[in-house]
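Order of the sequence lines sets the chain letters (A, B, ...), proteins ahead of strands, with each chain counted from 1. Because only heavy atoms are used, hydrogens play no part in the values below, and waters and symmetry mates are left out as well, while side chains stay in.
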2 protein chains.
Amino acid sequence: MSRWEPNARERLSEAALELYAERGFEQTTVAEIAGRAGLTERTFFRHFGDKREVLFGGAEKLLDLLAETVAAAPAGAAPIEAVAAALAAAGRLIRDPVHSRRRQAVIDANAELRERELIKLASWAVTLTAALRDRGAPEGVAHLAAETGVAVFKVAFGRWLAEHGEADMPALVRDCFAELKGVTAGL
Amino acid sequence: MSRWEPNARERLSEAALELYAERGFEQTTVAEIAGRAGLTERTFFRHFGDKREVLFGGAEKLLDLLAETVAAAPAGAAPIEAVAAALAAAGRLIRDPVHSRRRQAVIDANAELRERELIKLASWAVTLTAALRDRGAPEGVAHLAAETGVAVFKVAFGRWLAEHGEADMPALVRDCFAELKGVTAGL
DNA sequence: CCGTCGATGTCAGTGACTGACATCAATCGA
DNA sequence: TCGATTGATGTCAGTCACTGACATCGACGG
């Protein structure tokens, strides 16, 4: 018999999402989250760096997936192709429209959380850029392809949410990349 | 004779940039900034919403410039062309490499400030999207062109800083857009 | 000369986050 | 088997960002 209930981290995450959804991010104190999870404020901060972090767990695995997918693209594939493949793969992880919408509603309702979301996407771009460089893409091209790709993903995710998650994320990502080609044809 | 020294806001901005550069953002308290400016902490928070905001003044003028430049683009111009023109115009405001590098060094050294920077760029994308929609661009195209354009600008600004601000920002922005065409040709 | 307005100061909070130290079940090594 | 160690948690005191309420007092219009 353990001294404490297991899965403290998950209990904190669930409690936080519930409270943020119920009464808003700012109106929720960390002490309340910890209380609902049967823990103390101090323990919350041992599991999460700050009050927002509790909504953004598991980022490393995703970064690894992006890097691996870029690395695994055929040697002949253009950088933007490799990025498209990686982001389509990332899209495959997005499957639960109910949870995604709930979480996104909380994030959209608060500026601090939107910032955190942007940081997350920026870290994707950094990872993609590095992975492209490792394949031999020139620095400039890598950077541009990565940033552009993340921009495309943002648009695709917005559409997926707008249509209640009925469409297939990887397919939507692909569609948006195809559209990008049309858009840049105007240059 | 006024009761207080004039330009409180500017004095606060200068004091903040100095202190952030000297000892870092986190190691500087708002009370210290206010003290150096001959004011109190409470007054600081009357001029700036938070401790970071002091580095990001004058954002509205820039948003107006972006919107106006998009609106002023020739009727026949493609959305991405209008975005390129707007961002080149924005680049024209970036002229002082010494100040820019000093400020950017402070921002790059701190995660909270980097977040704030990303929010700023995201607001550019929102403004550009709206301006494109007003010109009759379809929602999807507007969104994609705006996000992509901002991604290109990020790359251009990074290069401008990397080469010590010797190049002309508008020209660099143009170059990066041209490169984007090549990058998306790989799709 | 008076009233009000606007920029600032003062003060007392709340709440996020941190460091130092205590607790005690589980586990490991002798 | 038992004592030492470890690791997750609790407790407590403190710092600092940020806010609301109210006071101050020169400037300025009437």
Euclidean distance, atom CZ of residue A:Arg52 to atom P of C:dA16 [Å, nearest integer]: 13 Å
Nearest-Å distance for atom pair CD/P, residues A:Glu26 and D:dG20: 11 Å
Spacing of B:Leu113 atom CG relative to D:dA17 atom P, expressed in whole Å: 13 Å
Rounded distance [0.5 Å steps], CD in B:Glu112 versus CD in B:Glu115: 7.0 Å
d(CD, B:Glu41; C1', D:dT15) in whole Å: 11 Å
Atom CZ of B:Arg95 with >12 non-hydrogen neighbours under 6.0 angstrom: no
cation_pi(B:Arg102, B:Tyr20) dist<6.0 Å, angle<=45: no
Length of the line joining A:Gln27:CD and C:dA16:C1', which is rounded to integer Å: 15 Å
Phosphate OP1/OP2 of C:dA7 contacted by B:His47 side-chain N/O (<4.0 Å): no
Heavy atoms from other residues, nucleotides or ligands near CZ of B:Arg135 exceed 12 (cutoff 6.0 Å): yes
Distance, rounded to the nearest Å, where B:Phe44 contributes CZ and D:dT19 contributes P: 11 Å
Shortest side-chain distance from B:Trp4, nucleotide among C:dA7, C:dG19, D:dG10: C:dA7
Atom pair distance, as rounded to whole Å: CZ in A:Phe48 and P in D:dT9: 11 Å
Nucleotide nearest B:Arg3 when distance is taken to its side chain, options D:dC18, C:dG6, D:dT9: C:dG6
Given C:dT8, C:dC17, D:dC16, the nucleotide with the shortest approach to the side chain of B:Arg46: C:dT8
Residue whose nearest DNA chain C nucleotide is more 5′ - A:Phe45 or B:Ala8: B:Ala8
Closest nucleotide among C:dT8, C:dC17, D:dA17 to the B:Lys51 side chain: D:dA17
Spacing between A:Tyr20 atom OH and C:dA16 atom C1', to the nearest angstrom: 11 Å
Side-chain N,O (B:Thr43) to OP1/OP2 (C:dG9) below 4.0 Å: yes
Aromatic ring pairing A:Trp160/A:Phe157, orientation class (parallel under 30°, perpendicular over 60°, tilted between): parallel
Phosphate OP1/OP2 of D:dT9: any A:Thr40 side-chain N/O under 4.0 Å: no
Side-chain N,O (B:Thr29) to OP1/OP2 (D:dC16) below 4.0 Å: no
Residue B:Arg42, side-chain heavy atoms: nucleotide from D:dG10, D:dC16, D:dT19 that is nearest: D:dT19
